[in-house]
Amino acid sequence: YIGVPLAGNAEWSPPSTAGFLSEDLPPGQPKQAAVGGRRYHLSEVKLALFPAQAGKLTIGPGTIRCQVQQEFAVDPFSQDFFQRFFSQGMAGGIVTKELKTKPIVVNATALPEGKPPSFSGAVGRYRISAETDKRKVKAGDALNLSVTIEGTGNLKAIAQPTLPDLSASFRLYDTLSSLNLQKDDAGVRGSKSFKTVLVPKVSGPLRLPAIPFSYFDPQKKAYVVIETAPIELDVEPGSAAPQTQGFPLPAGGGAITQLTDDIRHVKPPRAVARLSAAEALGRIGPPARA
């Protein structure tokens, strides 16, 4: 709350938030407010805090440091009148002020017992979905599986949902994640996606089973288990013969082909006959003369 002219911008030091995960929220629009019959300019600084542990946690004081114009009476007959006049001006002097908020104690309760097997610490309200970029592929071809969790809460701390055992039908590669956050007066919301590359090892109709995810809903004060819908895939047999790639040759015919196999067998080098210098010269013959 600002009720006096400021000489420059105020310096804001945010409070200490040990034991919390913190997210800066967009500041509110400046506005007018009346307190005790006096009008102020009001500015808000907002943080979203997520307790990372149970127990009493303290939000430390936030500090604002600013320079304000202070009125003072000037005695023209004072001995230092001219010194004060030229150094501070007739309107008043500049005074540095430091204000602090009061600490806030928060009692963070522990999560209750009965956590589902798929629970990894998510607190908030969420929904989950899964999709693949292809529904019809050939054995050996790659497809992308995307699992997306969206809702309200600390999305940064959400871990990848555990996929069902797919080793009998697929080869799995490393998973990449992406985060999309939206921050407003309601808090932090958005989505987090996990993309995994799958390569079918067998042909035929294959099913990606439902992927479970669970979270604790603070409004319901209960654990909630949700899951994706199963995904049906049609996998055709892959090519039996190795594909080849031709390379052009100079005049003379012939063709060179490159196998697309992952591994090429190493063959031992043929024996190389070693010739003496005299034998080599004898085979080459004397140099031609001009």
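Keep in mind the model is a prediction, meaning the values are calculated, not measured.
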### Message
I'd like to know if the side chain of Asn107 and the backbone of Thr109 have a donor-acceptor N/O pair within less than 3.5 Å.
### Response
no

### More than 12 heavy atoms from other groups under 6.0 Å of CG on Asp174
no

### Query
For the ring pair Phe119 and Tyr223, is the centre-to-centre distance below 6.0 Å?
yes

### Task
Answer yes if Ile64 and Val45 sit in the same cluster of Ile, Leu, Val, Met, Phe, Trp and Tyr residues linked by side chain heavy atoms under 4.5 Å apart, and no otherwise.
yes

### Query
Can you check whether Thr196 reaches Leu176 side chain to side chain, under 4.5 Å on heavy atoms?
no

### Message
Looking at Gln29, I want to see if its CD is surrounded by more than 12 non-hydrogen atoms of other residues, nucleotides or ligands under 6.0 Å.
### Response
no

### Message
If I take atom SG from residue Cys66 and atom CG from residue Asn9, how far apart are they, to the nearest 0.5 angstrom?
### Response
11.0 Å

### Task
Please confirm whether the backbone N or O of Ser177 pairs with a side-chain atom of Lys192, one donor and one acceptor, at under 3.5 Å?
no

### Query
Can you name the closest pair of heavy atoms from Asp184 and Pro26 and give their distance?
N-CD, 4.2 Å

## Note on the structure
Rounding to 0.5 Å, atoms OG (Ser178) and NZ (Lys195) come to a distance of 7.5 Å

### Nearest-0.5 Å distance that lies between atom CG in Leu49 and atom CZ in Phe20
5.5 Å

### Query
Going hydrophobic residue to hydrophobic residue with side-chain gaps under 4.5 angstrom, can you get from Leu99 over to Val4?
no

### Message
Rounded to the nearest 0.5 Å, what separates atom CZ in Arg135 from atom CG in Asp234?
### Response
11.5 Å

#### Entry: Donor-acceptor pair between Thr148 and Ser193 side chains, under 3.5 angstrom
yes

### Task
Have a look at Glu232 and tell me which of Arg207, Lys136, Lys134 forms a salt bridge (charged side-chain N to carboxylate O under 4.0 Å, His left out) with it.
Arg207

#### Entry: Lys156 side chain near Glu23 side chain, heavy-atom distance below 4.5 Å
yes

### Task
Verify the cluster assignment for Ile226 and Ile231: are they in a single hydrophobic cluster under the rule of side-chain heavy atoms below 4.5 Å apart?
yes

### Query
Does some side-chain heavy atom of Leu172 sit less than 4.5 Å from a side-chain heavy atom of Val197?
no

### Distance in Å, Phe170 CZ paired with Leu163 CG, rounded so as to fall on 0.5 Å steps
11.0 Å

### Task
Determine whether Leu25 and Leu47 fall in the same hydrophobic cluster, where Ile, Leu, Val, Met, Phe, Trp and Tyr are linked whenever their side-chain heavy atoms lie under 4.5 Å apart.
no

### Message
Walk me through whether Arg189 and Glu150 qualify under salt bridge (charged side-chain N to carboxylate O under 4.0 Å, His left out).
### Response
CA-CA 8 Å; Arg189 54 192 174 90; Glu150 54 184 334; over 6 Å; no

## Note on the structure
Nearest heavy-atom approach of Glu227 to Pro212 is CB-CA, 3.9 Å

#### Entry: Close side-chain approach of Lys97 to Val95, heavy-atom, < 4.5 Å
yes

### Summary
One should read off an interatomic distance between Tyr126 OH and Ile149 CD1, to the nearest 0.5 angstrom, of 8.5 Å

### Query
Please walk me through it: do Tyr1 and Val35 pass side-chain contact (heavy atoms from CB on, under 4.5 Å)?
CA-CA 9 Å; Tyr1 294 84; Val35 179; 4.0 Å; yes

#### Entry: Among Leu208, Leu233, Leu206, side chain to side chain contact (heavy atoms under 4.5 Å, CB included) partner for Leu198
Leu208

### Query
Could you go step by step and tell me if Ile59 and Val106 meet the side-chain contact (heavy atoms from CB on, under 4.5 Å) rule?
CA-CA 8 Å; Ile59 303 172; Val106 176; 4.0 Å; yes

#### Entry: Under 3.5 Å side-chain donor-acceptor pair for Thr175 and Gln160
yes

### Query
For Leu181 and Leu155, what are the C-alpha separation, side-chain angles and deciding distance, and is it a side-chain contact (heavy atoms from CB on, under 4.5 Å)?
CA-CA 8 Å; Leu181 289 183; Leu155 289 155; 3.7 Å; yes

### Query
Do you know which two heavy atoms are closest between Ser203 and Pro237, and how far apart they sit?
CB-N, 3.7 Å

### Query
If we only count heavy atoms from C-beta on, is the Thr162 to Ser118 side-chain gap below 4.5 Å?
no

#### Entry: Main-chain N/O of Ala210 paired to Thr228 side chain as donor or acceptor, under 3.5 Å
no

### Message
Any heavy-atom pair between the side chains of Val147 and Phe213 that's under 4.5 Å?
### Response
no

### Query
Under 4.5 Å between any side-chain heavy atoms of Phe194 and Ser146, yes or no?
no

### Heavy-atom pair with the smallest gap, counting every atom of Ala139 and Val235
N-CG1, 3.6 Å

### Task
Search all heavy atoms of Pro61 against all heavy atoms of Pro103 and return the closest pair with its distance.
CD-CG, 4.2 Å

### Message
If the threshold is 4.0 Å, N to carboxylate O, is there a salt bridge linking Lys138 and Glu236?
### Response
no

### Message
Tell me the closest heavy-atom pair linking Leu145 and Ala130, and the distance in Å.
### Response
CD1-CB, 4.4 Å

### Val199-Leu166 co-clustered via ILVMFWY side chain contacts under 4.5 Å
no

### Message
Between Asp133 (side chain only) and Asn144 (backbone N and O only), is there a donor and an acceptor less than 3.5 Å apart?
### Response
yes

### Query
Side chains of Leu57 and Gln53: closer than 4.5 Å at any heavy-atom pair?
yes

